[in-house]
Protein chains: 2
Amino acid sequence: MRIMSNLTNTPDAILACARNLIMNGGYNGFSYADIADVVGIRKASIHHHFPSKVDLGRVLVSRYIEDARAGLSQLEQSVEDPRAILEAYTNHWAQCIADSSRPFCVCAMLASELPILPPEVAAEVRAFFRLISRWLTSVMERGGKEGVLVLSSAPEVEAEAFMASVHGAMLSARAYGDGRTFATILAPTLRRLSPVAAH
Amino acid sequence: MRIMSNLTNTPDAILACARNLIMNGGYNGFSYADIADVVGIRKASIHHHFPSKVDLGRVLVSRYIEDARAGLSQLEQSVEDPRAILEAYTNHWAQCIADSSRPFCVCAMLASELPILPPEVAAEVRAFFRLISRWLTSVMERGGKEGVLVLSSAPEVEAEAFMASVHGAMLSARAYGDGRTFATILAPTLRRLSPVAAH
DNA sequence: GTCCACCTATCAACTAGTAGGAAGATTTGC
DNA sequence: GCAAATCTTCCTACTAGTTGATAGGTGGAC
């Protein structure tokens, strides 16, 4: 191998590239040839690191889950107030969408085509939904107890509804081609959960 | 052609089949071969009715919009109360998802892969979002004026948030493999819009 | 006679995936 | 310490199957 081995790890570059491609077109929306072009490697070399597309997909999503887990725990360490946590969470996505760095959640994308996903990949995608759901439930629960979030339903229902709003808002932002749509949609959702809401 | 021409129209059969396939796997998740197998026709015969896949996609989505427009106007004729209209709208989708007849909105599916969609198809998908958005805005507006809907934001914002909830709930229902998730998520959304909500 | 719906046969491009080799890096045996 | 063996990473070249799409023909209907 040449000189870049320290700076950039090839498997990681492949995964990053595949992630970007999936964000735009889903599981059937990218090919090994696409990745090869971007990474500057041959198709066969991708197979060396990820023998099959299913392997690549499975590793990609499980890494995505790890990253999400790390991000969420870091978020909870830097922000205490549950309402502020939800705000920071949506702000994070609003920024990712606005600067087009991550215009869509990889797992939301893959969930939409779940019926035609290889079972191994589908299982990972479901695991992601359970992770976010559990995390949001715990945030809602704590916020309710501390009185900083107004829950009009059970915490787990509130969590699912919140997650659905986030994913739906991503979709609308994409459909309208305007990242600001995301923040616009999430604003009332956050306001309703806030006890200082002016009714 | 044989005997079935009166009972079933081939182009319609092709469109219906493609619609089902798109609902499960999106634009790249189906091929002319798939349709040929289901409809019982040869690939080349599909090209006779729809010269290119873009033609098929464009016609399919524009028909979908027509159907939606008709369905919405019929809904507004049979139900008067704006709040009841929103309920009927979500109930309709809840039923479609529960009996697996239409487990996902074709245009929500296609919107997720908008960046890799042929421009002609993408334009139609955007038109669908505008249609639903405008319709929901008018329902919200009227409901607010009549006092049967509690709007905590501008009608158009409320409309976008509602649409996002519906699409996000579809996604979650698919991810969890449980149609009841859809109704569970939409329930609090509808309750919040209702003036009889117990706070 | 012309049109329509469908057919067979074929196409080039692309799909994921394999075989086997070259070359540098690493480990091992002495 | 050094050479032999092995491992790692990437390569060229290839496969079988699928993709959307075309050319041209058949046979029945108006």
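Being a predicted model, the structure only gives us computed values, none of them experimental. In the text below, chain A, chain B and the rest are named by the order of the sequence lines, each starting its count at 1.
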Expressed in angstrom and rounded to an integer, what is the separation of A/H49 atom NE2 from D/dC11 atom C1'? 12 Å
Short side-chain N/O contact to D/dC11 OP1/OP2 from A/H48, under 4.0 Å: no
Can you name the nearest heavy-atom pair linking B/A18 to B/L60, along with the distance? CB-CD1, 3.5 Å
Those residues of residues 15-25 of chain A lying under 4.0 Å from DNA chain D by at least one heavy atom: none
Starting from C1' on C/dC6, measure out to CD1 on B/I35 and report it in whole angstrom. 16 Å
What residues, two or more places apart in sequence or in another chain, satisfy salt bridge (Lys or Arg N to Asp or Glu O under 4.0 Å) together with B/E76? none
Could you tell me how far apart B/N9 (CG) and C/dC6 (C1') are, to the nearest whole angstrom? 14 Å
Phosphate contact (C/dC6 OP1 or OP2) by B/T10 side-chain N/O below 4.0 Å: yes
Which residue pairs satisfy the ring pair (Phe, Tyr, Trp, His ring centres under 6.0 Å) criterion with at least one member in residues 163-183 of chain A, sequence neighbours excluded? A/F129-A/H167
Distance check needed: D/dT12 P versus A/I41 CD1, whole Å only. 11 Å
Just to confirm, is there a sub-4.0 Å distance from OP1 or OP2 of D/dC11 to any side-chain nitrogen or oxygen of A/S45? yes
According to side chain to side chain donor-acceptor pair (under 3.5 Å), who are the partners of A/D37, at least two apart in sequence or on a separate chain? none
Pairs under 3.5 angstrom only: tabulate donor-acceptor contacts from the side chains of residues 39-54 of chain A to other protein residues two or more places apart or in another chain.
residue	atom	partner	partner atom	Å
A/H47	ND1	A/P51	O	2.8
A/S52	OG	A/V54	N	3.3
A/S52	OG	A/D55	N	3.2
A/S52	OG	A/D55	OD2	3.1
A/K53	NZ	A/Y27	O	2.9
A/K53	NZ	A/F30	O	2.9

Set of side chain to side chain donor-acceptor pair (under 3.5 Å) partners for B/S73, sequence neighbours left out: none
Side chains of residues 92-107 of chain B: which donor-acceptor partners sit under 3.5 Å, not counting sequence neighbours?
residue	atom	partner	partner atom	Å
B/D99	OD1	B/S101	N	2.9
B/D99	OD1	B/S101	OG	2.6

Would you say B/S133 and B/E160 are linked by a side-chain donor-acceptor pair, where the criterion is simply a distance under 3.5 Å? yes
What does nucleotides 18-23 of chain D look like as a protein-contact string, B for base, S for sugar-phosphate only, - for none, at under 4.0 angstrom between heavy atoms? -BBBB-
Extract all donor-acceptor atom pairs below 3.5 Å that involve side chains of residues 144-151 of chain A and protein atoms in other chains or at least two apart in sequence.
residue	atom	partner	partner atom	Å
A/E146	OE2	A/R142	NH1	3.1

In residues 110-124 of chain A, which residues come under 4.0 Å of DNA chain C by heavy atom? none
Considering residues at least two apart in sequence or located in another chain, which fulfil the side chain to side chain donor-acceptor pair (under 3.5 Å) criterion with B/T184? none
Sorted by chain and residue number, the side-chain contact (heavy atoms from CB on, under 4.5 Å) partners of B/A122 (sequence neighbours excluded) come out as B/L114, B/L117, B/R126
